Colleague: 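There's a structure below that I have some questions on.
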Number of protein chains: 2
Amino acid sequence: MYKPKLEKDIRCPLEYGLDIFGGKWKSRIICVLAEKKVLRYSSLRKEMTNITDAVLATTLKELIADGIVQRQQFDEIPPKVEYCLTDKGRSVLPILQSICRWSGAYHRENSEYIHSQCQKCDYKCENSSD
Amino acid sequence: MYKPKLEKDIRCPLEYGLDIFGGKWKSRIICVLAEKKVLRYSSLRKEMTNITDAVLATTLKELIADGIVQRQQFDEIPPKVEYCLTDKGRSVLPILQSICRWSGAYHRENSEYIHSQCQKCDYKCENSSD
DNA sequence: CCAGTAACTATGAAATTAATGAGTAACTCA
DNA sequence: TGAGTTACTCATTAATTTCATAGTTACTGG
């Protein structure tokens, strides 16, 4: 059974925010959903190279519990479940973009940073072109 | 001896950025230094309630290696070392503020989030009043 | 009737991160 | 002489996060 971290609710806004889109997979899921709009569970897993079911399922639960991702279930056989960002989820995209821009300013010149397993770069950094 | 993570340099900007100010202590150190400008090691540890020497020392090394924090050593007895933010370090403050503002919009209404051990809230959230 | 599919869950191992507690050099102050 | 100070390091343990693998239900297509 999934147990939400109650402690999170008494943390400060900065920790609350970092908890929502920090970590290894959360920002990546948010970016993929931002790009593809709607994805079934299996398609999402294919987009996220190397993620395992256990991690994807629990990470999705956290994002849903935090109101970032919406889950819509269709009662069919075989099962069908669709995931997309909520308004709250879309509202974090400017923050992620600002992080990308900031990093780009310091990080871009001295290394290759776009590797094939990181879809969010292709999305984020091309779209933040002001 | 401290070994920098080379892998970080081939990651995408979003991961690079989250690595720099994510984690349990990094954003807190950045905020305290933003507020106090300059702090000796021992004062910094006092500001960060509950941090241990081992964690503070290695976290500082990471922030220094990432160019966020500057270390200045005075050859005195007893030893004296001062820490402050670099320009790059100060440039992350707007991002941290935007995270605070975002969180505040969603998080503020339903809980107490400022607790005594979180100095960065007092700093961050009062200063982001637009 | 057996393999395949979808969307998971459960379990244990591995890896990473953080915490604990002690120790160090070279002094100063009582 | 002996405790206190500073800015750490080191070794070990604990906690957290992630990975790897297998299993489940209720079907469908061959």
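Given the structure is predicted, the values throughout are model-derived calculations rather than measurements. Here is how names work: the chains are called A, B, and so on, in the same order as the sequence lines, proteins then strands, and each is numbered from 1.
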Colleague: Find the distance A:Leu56:CG to C:dC8:P and express it as a whole number of Å.
Modeller: 9 Å

Colleague: Provide the closest heavy-atom pair for B:Gly17 versus A:Trp102 in the form atom of the first, atom of the second, distance.
Modeller: CA-CZ3, 4.2 Å

Colleague: So how far is it from B:Ser27 OG to B:Ile95 CD1, rounded to the nearest 0.5 Å?
Modeller: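 Answer for the OG-CD1 pair, B:Ser27 versus B:Ile95, is 12.5 Å.
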
Colleague: Under 4.0 Å: is that the gap between some side-chain N or O of B:Arg71 and OP1 or OP2 of D:dC8?
Modeller: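 Yes, B:Arg71 has a side-chain N/O under 4.0 Å of OP1/OP2 on D:dC8.
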
Colleague: Measure CZ/A:Arg45 against P/D:dT18 and give the value in whole Å, please.
Modeller: 18 Å

Colleague: Atom CD1 of A:Ile51 and atom P of D:dT21: how far apart are they, to the nearest Å?
Modeller: 16 Å

Colleague: Among all residues two or more places apart in sequence or in another chain, which pass the side-chain contact (heavy atoms from CB on, under 4.5 Å) test with A:Val55?
Modeller: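 Testing A:Val55 for side-chain contact (heavy atoms from CB on, under 4.5 Å), a comparison that skips the adjacent residues, returns A:Trp25, A:Ile51, A:Thr52, A:Thr59.
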
Colleague: Provide, to the nearest angstrom, the distance between the CD atom belonging to B:Glu47 and the C1' atom belonging to D:dA7.
Modeller: 17 Å

Colleague: Within residues 73-86 of chain B, which residues have any heavy atom lying less than 4.0 Å from an atom of DNA chain D?
Modeller: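 The answer is B:Pro78, B:Pro79, B:Lys80, B:Val81, B:Tyr83.
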
Colleague: So how far is it from B:Gln97 CD to B:Ile99 CD1, rounded to the nearest 0.5 Å?
Modeller: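 Rounded to the nearest 0.5 Å, the CD-CD1 separation comes out at 10.5 Å.
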
Colleague: In terms of side-chain heavy atoms of B:Lys24, which of C:dA18, C:dT9, C:dT20 is nearest?
Modeller: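 The closest nucleotide is C:dA18.
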
Colleague: Please check the phosphate of D:dA7 (OP1 and OP2 only) for any side-chain N or O of B:Arg40 closer than 4.0 Å.
Modeller: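 Yes, because at least one side-chain N or O of B:Arg40 sits under 4.0 Å from OP1 or OP2 of D:dA7.
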
Colleague: Using the test side-chain hydrogen bond (donor to acceptor under 3.5 Å, both in side chains), find all partners of A:Arg40 that sit at least two apart in sequence or belong to another chain.
Modeller: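 With neighbours one apart ignored, the set is empty.
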
Colleague: Would you mind reading off the distance between B:Lys46 atom NZ and D:dC8 atom P, rounded to a whole angstrom?
Modeller: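 Rounding to the nearest Å, NZ of B:Lys46 and P of D:dC8 are 14 Å apart.
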
Colleague: Which whole-number value in Å describes the distance from B:Leu44 CG to D:dT6 C1'?
Modeller: 14 Å

Colleague: Compile the donor-acceptor pairs under 3.5 Å between side chains in residues 77-86 of chain A and protein atoms, sequence neighbours left out, one pair per line.
Modeller:
{"from": "A:Thr86", "atom 1": "OG1", "to": "A:Gly67", "atom 2": "O", "distance (Å)": "2.5"}
{"from": "A:Thr86", "atom 1": "OG1", "to": "A:Ile68", "atom 2": "O", "distance (Å)": "3.1"}
{"from": "A:Thr86", "atom 1": "OG1", "to": "A:Lys88", "atom 2": "N", "distance (Å)": "3.3"}
{"from": "A:Thr86", "atom 1": "OG1", "to": "A:Gly89", "atom 2": "N", "distance (Å)": "3.0"}

Colleague: Once side-chain hydrogen bond (donor to acceptor under 3.5 Å, both in side chains) is applied, do any residues pair with B:Asp87, and if so which ones, sequence neighbours excluded?
Modeller: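 Applying side-chain hydrogen bond (donor to acceptor under 3.5 Å, both in side chains) to B:Asp87 gives B:Arg90.
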
Colleague: If you assign each of A:Asp53 and B:Gly23 to its closest nucleotide in DNA chain C, which residue comes earlier from the 5' end?
Modeller: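 Final value for this comparison: A:Asp53.
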
Colleague: Taking the side chain as every heavy atom from C-beta outward, state whether A:Glu47 and A:Leu39 have any pair of such atoms under 4.5 Å apart.
Modeller: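 A:Glu47 vs A:Leu39: side chains touch.
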
Colleague: What integer distance in Å separates B:Asn50:CG from C:dT17:C1'?
Modeller: 17 Å

Colleague: As a test of understanding, state which of B:Asp66, B:Val69, B:Ile20 forms a side chain to side chain contact (heavy atoms under 4.5 Å, CB included) with B:Lys26.
Modeller: B:Asp66

Colleague: Any side-chain N or O of A:Thr52 below 4.0 angstrom from OP1/OP2 of D:dA20?
Modeller: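 Looking at the OP1 and OP2 atoms of D:dA20, neither is under 4.0 Å from any side-chain N or O of A:Thr52.
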
Colleague: How many whole angstroms separate atom CD of A:Glu15 from atom P of D:dT16?
Modeller: 15 Å

Colleague: How bent is the helix from C:dC1-D:dG30 to C:dA30-D:dT1, measuring the angle between the end axes built from five pairs each, rounded to 10°?
Modeller: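 So the angle between the two local helix axes works out to 20°.
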
Colleague: Using a cut-off of strictly less than 4.0 Å, decide whether A:Lys61 has a side-chain nitrogen or oxygen near OP1 or OP2 of C:dT9.
Modeller: yes

